[in-house]
A.B. asks: 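Input: one structure, supplied below.
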Amino acid sequence: MEPVAVFERSAGFDDLAQIRAFVTDTVNTRIPSEDLAFRAALVVDEICSNIIEHGGDGAPVNLRISVSFPAGDVAIAVVDPTEAFDPTAVTRADIDAPADARKPGGLGLHLIHELTREVRYERTEAGNQLTVVIASDGGA
Amino acid sequence: MDVTFEQRDQIGVAIVSGEVDASTAPTLTETLTDHIENGYHHLVADLSNLAYTSSAGLRAMLSAVKLARANGGDVRLAGVQDRIQRVLDLSGFASIIRSFDTVDDAVTSFSQ
């Protein structure tokens, strides 16, 4: 499915607010739902934050974020050219652990899985591509 | 994101407003850490004007909670908006950080 909107440029942590605004505005143009826009923006924030931190070592990374609306849901594909990394293979955070046993990593991935219906990784010629589908009805 | 600080009945209150993400979370971490290390082991985070947080904000809060508890204190939340509460719930944070409707309630909880 052709994307409705694409965000493509070098982006660092300081650009996360702009990325969230892009996702929020794009979702609202097709499906005016504050909750859906919030979930989509948070998911993309978490994806991009991980890419910048781990793929870019904290420095800006060329990102291509494309948004489409298959069957009324929201599908977002994030492509980055950094080293091959499959975030779906990473162990999620243990959210039942007490505070002193909590490790710092994995929480972003946990939120991505909790807020999406589908998370799919593939390695393409362009690099890493992570595609998520966010249910418009709130189901995950 | 903006963080201001005030004191109520010997309890530190950090007023966090705006949006916390990976770019602003380090500032939040540093601010909370500074106040705890300066003796405010009992700290309330007033989140009534916090519109957004990603996992980066949660990590900042967890770091503060761990530091405060290591010093015999705690960090408690006040005025959490629904969307922030949802993120806390999804992350299992609701069970590890106490939350109150108002700053006054959170402050009072330290004397109970």
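These values consider heavy atoms only, across backbone and side chains, with no hydrogens, waters or symmetry-generated copies. Chain identifiers are assigned alphabetically (A, B, ...) following the order of the sequence lines, protein sequences preceding nucleic acid strands; residue numbering begins at 1 within each chain. Since the structure is predicted, the reported quantities are computational estimates derived from the model, not experimental observations.
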A.B. asks: Does B/Met1 share a hydrophobic cluster with B/Ile84, counting links as ILVMFWY side-chain heavy atoms below 4.5 Å and allowing steps through other members?
C.D. replies: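 Linked within one cluster.
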A.B. asks: Please check if B/Val13 and B/Leu77 belong to a single hydrophobic cluster, counting links between Ile, Leu, Val, Met, Phe, Trp and Tyr side chain heavy atoms closer than 4.5 Å.
C.D. replies: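 Different clusters: B/Val13 never reaches B/Leu77 through Ile, Leu, Val, Met, Phe, Trp or Tyr contacts under 4.5 Å.
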A.B. asks: Around atom CG of B/Asp2, are there more than 12 heavy atoms of other residues, nucleotides or ligands at under 6.0 Å?
C.D. replies: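 Yes - once you tally the heavy atoms of other residues, nucleotides and ligands closer than 6.0 Å, there are more than 12.
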A.B. asks: Is there a side-chain contact between A/Ile95 and B/Phe93, using heavy atoms and a 4.5 Å cut-off?
C.D. replies: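 Side-chain contact under 4.5 Å: no.
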A.B. asks: Please examine the side chains of A/Leu111 and B/Ser91, heavy atoms only from C-beta on, and report whether any two atoms are closer than 4.5 Å.
C.D. replies: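 The answer is yes; the side chains approach within 4.5 Å.
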A.B. asks: Should the heavy atoms of other residues, nucleotides or ligands under 6.0 Å from CG of B/Asp9 be counted, would the total exceed 12?
C.D. replies: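 Open.
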A.B. asks: Can you tell me how far the NE2 atom of A/His113 sits from the CG atom of B/Leu90, to the nearest 0.5 Å?
C.D. replies: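 A/His113 atom NE2 to B/Leu90 atom CG measures 13.5 Å (nearest 0.5 Å).
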A.B. asks: Using non-hydrogen atoms and a 4.5 Å limit, figure out which bit of B/Thr24 sits close to chain A: side chain, backbone, both or neither.
C.D. replies: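 It is neither, since no heavy atom gets under 4.5 Å.
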A.B. asks: Between A/Val23 and A/Phe69, is there shared hydrophobic-cluster membership here, with clusters defined by ILVMFWY side-chain heavy atoms closer than 4.5 Å?
C.D. replies: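 Yes, A/Val23 and A/Phe69 fall within the same hydrophobic cluster.
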A.B. asks: State whether the number of non-hydrogen atoms from other residues, nucleotides or ligands found under 6.0 Å of A/Glu34 atom CD is greater than 12.
C.D. replies: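 Incorrect, the count does not exceed 12.
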A.B. asks: In the single-linkage hydrophobic clustering (I, L, V, M, F, W, Y; side-chain heavy atoms under 4.5 Å), do A/Tyr121 and A/Val44 co-cluster?
C.D. replies: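 As far as the 4.5 Å side-chain criterion goes, A/Val44 and A/Tyr121 are connected within one cluster.
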A.B. asks: Does the side chain of A/Leu42 come within less than 4.5 Å of B/Tyr52's, by heavy atoms?
C.D. replies: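 The answer is yes; the side chains approach within 4.5 Å.
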A.B. asks: Can a donor-acceptor pair be found, under 3.5 Å and without considering hydrogens, that links the side chain of B/Lys66 to the backbone of A/Arg102?
C.D. replies: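 The answer is yes, because a donor-acceptor pair under 3.5 Å joins these two groups.
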A.B. asks: Hey, what do you get for OG (B/Ser54) to CG (A/Leu16), rounding to the nearest 0.5 Å?
C.D. replies: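 One gets 7.5 Å once the value is rounded to the nearest 0.5 Å.
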A.B. asks: Side chain, backbone, both or neither: which part of B/Leu62 has an atom under 4.5 Å from a heavy atom of chain A?
C.D. replies: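 B/Leu62 touches chain A through side-chain heavy atoms alone.
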A.B. asks: Side chain, backbone, both or neither: which part of B/Leu58 has an atom under 4.5 Å from a heavy atom of chain A?
C.D. replies: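 For B/Leu58, the side chain is the part near chain A, not the backbone.
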A.B. asks: Select one option (side chain, backbone, both, neither) describing which atoms of A/Asp100 are under 4.5 Å from chain B's heavy atoms.
C.D. replies: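 Looking at A/Asp100, just its backbone touches chain B.
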A.B. asks: Could you walk me through whether B/Arg86 and A/Glu114 satisfy the side-chain contact (heavy atoms from CB on, under 4.5 Å) test, starting with their C-alpha distance in whole Å, then the side-chain angles of each, then the deciding distance to 0.1 Å, before giving a yes or no?
C.D. replies: CA-CA 11 Å; B/Arg86 184 175 183 183; A/Glu114 287 292 306; over 6 Å; no
A.B. asks: How far does OG of B/Ser55 sit from CD1 of A/Ile112, to the nearest 0.5 angstrom?
C.D. replies: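 Separation between the atoms: 8.0 Å.
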A.B. asks: Pick one of side chain, backbone, both or neither for A/Ala99, based on which atoms fall under 4.5 Å of a heavy atom in chain B.
C.D. replies: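 Both parts, backbone and side chain.
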A.B. asks: If you measure from the Lys or Arg side-chain nitrogens to the Asp or Glu carboxylate oxygens, is any gap between A/Asp35 and B/Arg83 under 4.0 Å?
C.D. replies: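 The answer is no: the pair does not qualify as a salt bridge.
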A.B. asks: Is there a path of hydrophobic side-chain contacts, each under 4.5 Å between heavy atoms of I/L/V/M/F/W/Y residues, joining A/Phe7 to A/Val67?
C.D. replies: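 Yes; tracing contacts between hydrophobic side chains, which count when under 4.5 Å, links both residues.
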